[in-house]
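A short worksheet on the structure shown next.
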Amino acid sequence: MRTELELIERIEKYLSNELSAADKKAFEEELAADTSLQEQVQLQQETMKGIERASLRKQVSDAGGRFRWRKNLRNWGLGGIVVLVVVAAILLYNTLGHSAQNDSGYGGDAANPQLPVLNESGDSIWSRADSVLPAHVFILTTSKDTVIETKDGIVLSVPANGFLYADGGAVKGTIQLVVKEALDAASIIKAGLSTMSGDRPLETGGMFFIDARQGDQILKINQANAISAAIPSDTIKPGMMLFAGERTVKGDIDWRNPTQIRNSLVTVDIHKLNFYPPGYLDSLKAWEYNINDKKFTDSLYYSFAAEFGRATVDSVDSGVGGVIITQENKQVYQADTSIGDFLDIPRYDINYDHCAINPASVKAFWQDKFQNTFIATRQFEERMKYIHMSGDQEILDLYINNLDKDLSYVDSLVVNSIKREALYPLVPKFQEFAGRRDGNVKGSGKSAAKLAEYFRNKTALFTEQISKAQREFWTQQASLDETFFKRQSEYIQDSIKRMNKNFQQEYELNLKEARRQLDIKFYTVSITTTGWKNVDRYVEESVRTQTTLDYTDPQTGKKAVIRYEPVSFGIEDAASFDRLSVYLIPDQLSSYIKLNASNAGYSGKLNELMKYNLAVVGYKNDTSFFYSMKNVSSQHYAGIKLSSISERNLMQQLNMLASGAQAKDIGKEQDFLRFEIKDKRRQNDNRNRILLREQVFRVIFAACLPEIDSATK
Amino acid sequence: MTDEKIVQMIRSGRNDRPLDALYKNFPAVQKMIRANGGNNDEAKDIFQEALIILVKKIRDTDFQLTAKLSTYVFGVCRLLWKDELKKRKNFVTQDLAILETGNADIEMADVIREDSIARLAEKALDELKDRCKELLLLFYHGGWKLKDIASKMGYSSETTAKNQKYKCLEGAKNKLQELKQTAQTF
């Protein structure tokens, strides 16, 4: 490299801070001493700013291009006069050679293009256009699919193994693909290209030339792997055809052999296609759902049609995913923080019609009835992705209402129908679709009108049905939530009542015994108020804390002692039960005592004045388990093992251990616990359902989210 | 798109959609410039300059939205067009009420001044061969690797492309120096 260039490289490294610390220091010392170096650094810095500005200008001018294009689009929308023919010349040349260099013989620069000796057909005739238009030479590897965009915007999709030698053998290695293009009137005129086919004038959509060479060897295109060329156009005019150019001895090109630009389509089983919104299946898969269960994926997706049915339902009680929030169940759920968050999701008061496709309308066409239309093709499957991205129902309607037309014709209708700015970014995609010239399937058209009507009716019907089903489901869930809440609060109140009653009875029992021990006669007037109070308070405290009472009367010196002794129970596999209740049933009280679990198992205290029986009831899924023991004494009972029991038998067993009232109370509690187990399962299902719906909502309604954001701000 | 969103996207380096949105102001700017002695091409140039300046202002300074973005666009266009008319020396400010200067304009005047060297450097770049400009843009702003540039532009190797890159840079620097000297002379 020249020293001047090396200096530039060094300055560049300095400016982008890529020099090592030592080099940087050296450079800065040099810089301090050398004004001309300073000037160079400044100049280079400024040049970089210029480059940056040029890149910005390109972005701005691209935006200008898009702006003019949108304006023109509106103008064309008014016009609608369609003229004849697309002219494109595909002239195929090929050459041999085994290097990545351009040794195809094409070259030179714009002012002076160079041509190889022989043209693509192997003879030496060239036209004026050949020598005027500059060649763009692309080097590509035949083993890979390649997409090329030319300077003027022709997009060439070159499939792997797309070229053959003259003898029919496949070309390996790198080749040179040569493109010359004249897409606008100025270049066409400059190149002296005619727009005549024989003596008929043509309206041109642009002309281009393709040749492929490997060194000096002329290559052919492999018919099985044809190159597809998308020629840019402001608007798609029906009836355009592809003409092949033939050079005349006068140096002109005559356009011959017009071919319809149209691919006929092949249907595939409609149920094997994917018409879901982009990302839907991928997301479900990522969340570890079975995406091969089409029943599940369908019903989940279609359920969102309810969002589109809201206009016709009472909007007050349908939220996202149809969650119905009443004051009561909100409280219940919010006690549980994991669910409180998403139940607070606001209802989105926006119109989904312009940001998402109604799932009911997808359901309406994803049917056997559409098996013989272009709907059931890979080509439409691809478009459907972009229809989802547009979120514009009218675009989908265009396809359904034109089942008898060529797919690409509908694509061009779509291009011309797009008026909303939000959809502009999709226009190039639909233009590209239109440019593909996809036709239709055989035998389409017969029932097109009927199918379109079927689609309309079914979309409305499905929307209504799904909305109704969703609404009914969630209304029912809300009333179940309310039932649960009611029963739960009844249960809690019962428990409190029971404990108060137990306390009162045990207190009276102990008090009576304490008085007896202190030899206090109940109705004796000589007893002072203070003395009574003392005993009372100690007794009350002893019952409340379940600790031994040991009281000496200060006046008489008599003692009252009532002992409480600890008892505990270790239950085998306690954790494996959905619910486990351990009851002490005292003979002196009218209800039972429920023990709490601790590290050591279930523990409680025994009052020496009473006898206790033990009952343990557990549930796993829907099976009951039971264990009982009479006359519990103060100790640790380890390894208690429950055995399964029928519900009826359970009640009998309880009756043997306890008084009628006690057994009834326990039975009532167990009823509630069984109900709770079941209902928690339902609540859990709903919770998961809501969570999933919320996640899926974000996928399906992705395009609505910005609008939702701004609506909720 | 809201003004806030436009500012936010430009700051994160995504200019396309904001530019599309800002382009909606073009017809009005065009009208203003035509009413003040300009033609359509001049209107387009002024407008595009204004967008460049606005993007730089948003991106490179702690720009605060104190007025609508369209006000800024207009302000910059007004300033630029006034400068242009001054150069032509046939311009009487007070006659043209529509070209009244607003607060937002003053805020933008600094950026316009600071931008003048970059503008000159861009002009220098424009005087290079197209291939040179393309190469520099691809490398410095397209984020292309030299290897890819070599194959896209037909250079035999990465080294050739690198060499070429520095040659182009050298060309641009020399051009810029010339332009700066010319500017001083006037």
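As the structure is a prediction and not an experimental result, all values here were calculated from the model. These values consider heavy atoms only, across backbone and side chains, with no hydrogens, waters or symmetry-generated copies. Naming: A, B, ... by sequence-line order, numbering from 1 per chain.
- The shortest distance between side-chain heavy atoms of B:Lys173 and A:Glu46 does not fall below 4.5 Å.
- Only the side chain of B:Ile117 comes within contact range of chain A, judged by heavy atoms closer than 4.5 Å.
- Residues B:Tyr23 and A:Gly64 approach most closely at CZ-CA, 3.2 Å, considering heavy atoms.
- Inter-residue side-chain proximity for B:Leu169 and A:Ile51 is flagged as met; some heavy-atom pair is nearer than 4.5 Å.
- The candidate from A:Glu52, A:Glu4, A:Gln59 with the greatest count of non-hydrogen atom pairs under 4.5 Å with chain B is A:Glu52.
- Just one residue in the list A:Lys49, A:Arg57, A:Lys58 forms a salt bridge (charged side-chain N to carboxylate O under 4.0 Å, His left out) with B:Glu122, and that residue is A:Arg57.
- Distance CD1/A:Ile139 to CE/B:Met153: 13.5 Å, rounded to 0.5 Å.
- Note that CG of B:Leu125 is 8.0 Å distant from OG1 of A:Thr47, once rounded to the nearest 0.5 Å.
- Heavy atoms of B:Lys165 lying under 4.5 Å from chain A belong exclusively to its side chain.
- The pair B:Glu49-A:Arg53 counts as a salt bridge, with a side-chain nitrogen and a carboxylate oxygen less than 4.0 angstrom apart.
- Residues B:Asn163 and A:Arg2 have side chains not in contact (no heavy-atom distance under 4.5 Å, counting atoms from C-beta outward).
- The stretch residues 126-134 of chain B places B:Lys133 near chain A, each with some heavy atom under 4.5 Å from a heavy atom of that chain.
- Using a 4.5 Å cut-off between heavy atoms, B:Ile52 contacts chain A through both its backbone and its side chain.
- The CG atom of A:Leu5 lies 9.5 Å from the CD atom of B:Gln164; values are rounded to the nearest 0.5 Å.
- Applying the 6.0 Å contact sphere to NZ of B:Lys123 captures no more than 12 heavy atoms from other residues, nucleotides or ligands.
- Closest approach of B:Tyr166 and A:Ile8 over heavy atoms only: CD2-CG2, 3.6 Å.
- Heavy-atom distances place no part of B:Leu54 under 4.5 Å from chain A, backbone and side chain included.
- Residues of residues 37-47 of chain B having a heavy atom under 4.5 Å from any heavy atom of chain A, listed by number: B:Lys44.
- Contact annotation: the side chain of B:Asp16 never approaches that of A:Asp62 to less than 4.5 Å [non-hydrogen atoms, C-beta and beyond].
- Between A:Gly50 and B:Ala121 the shortest heavy-atom distance is CA-CB, 3.5 Å.
- For B:Lys56, the salt bridge (charged side-chain N to carboxylate O under 4.0 Å, His left out) partners two or more places apart in sequence, or in a different chain, are B:Asp115.
- Of the atoms belonging to A:Gln40, heavy atoms from both backbone and side chain fall under 4.5 Å from chain B.
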Please report, to 0.1 Å, the donor-acceptor pairs under 3.5 Å made by any side chain of residues 137-149 of chain B, with sequence neighbours excluded.
residue  : atom : partner : partner atom : Å
B:Tyr140 : OH   : A:Glu12 : OE1          : 2.1
B:Tyr140 : OH   : A:Glu12 : OE2          : 3.4

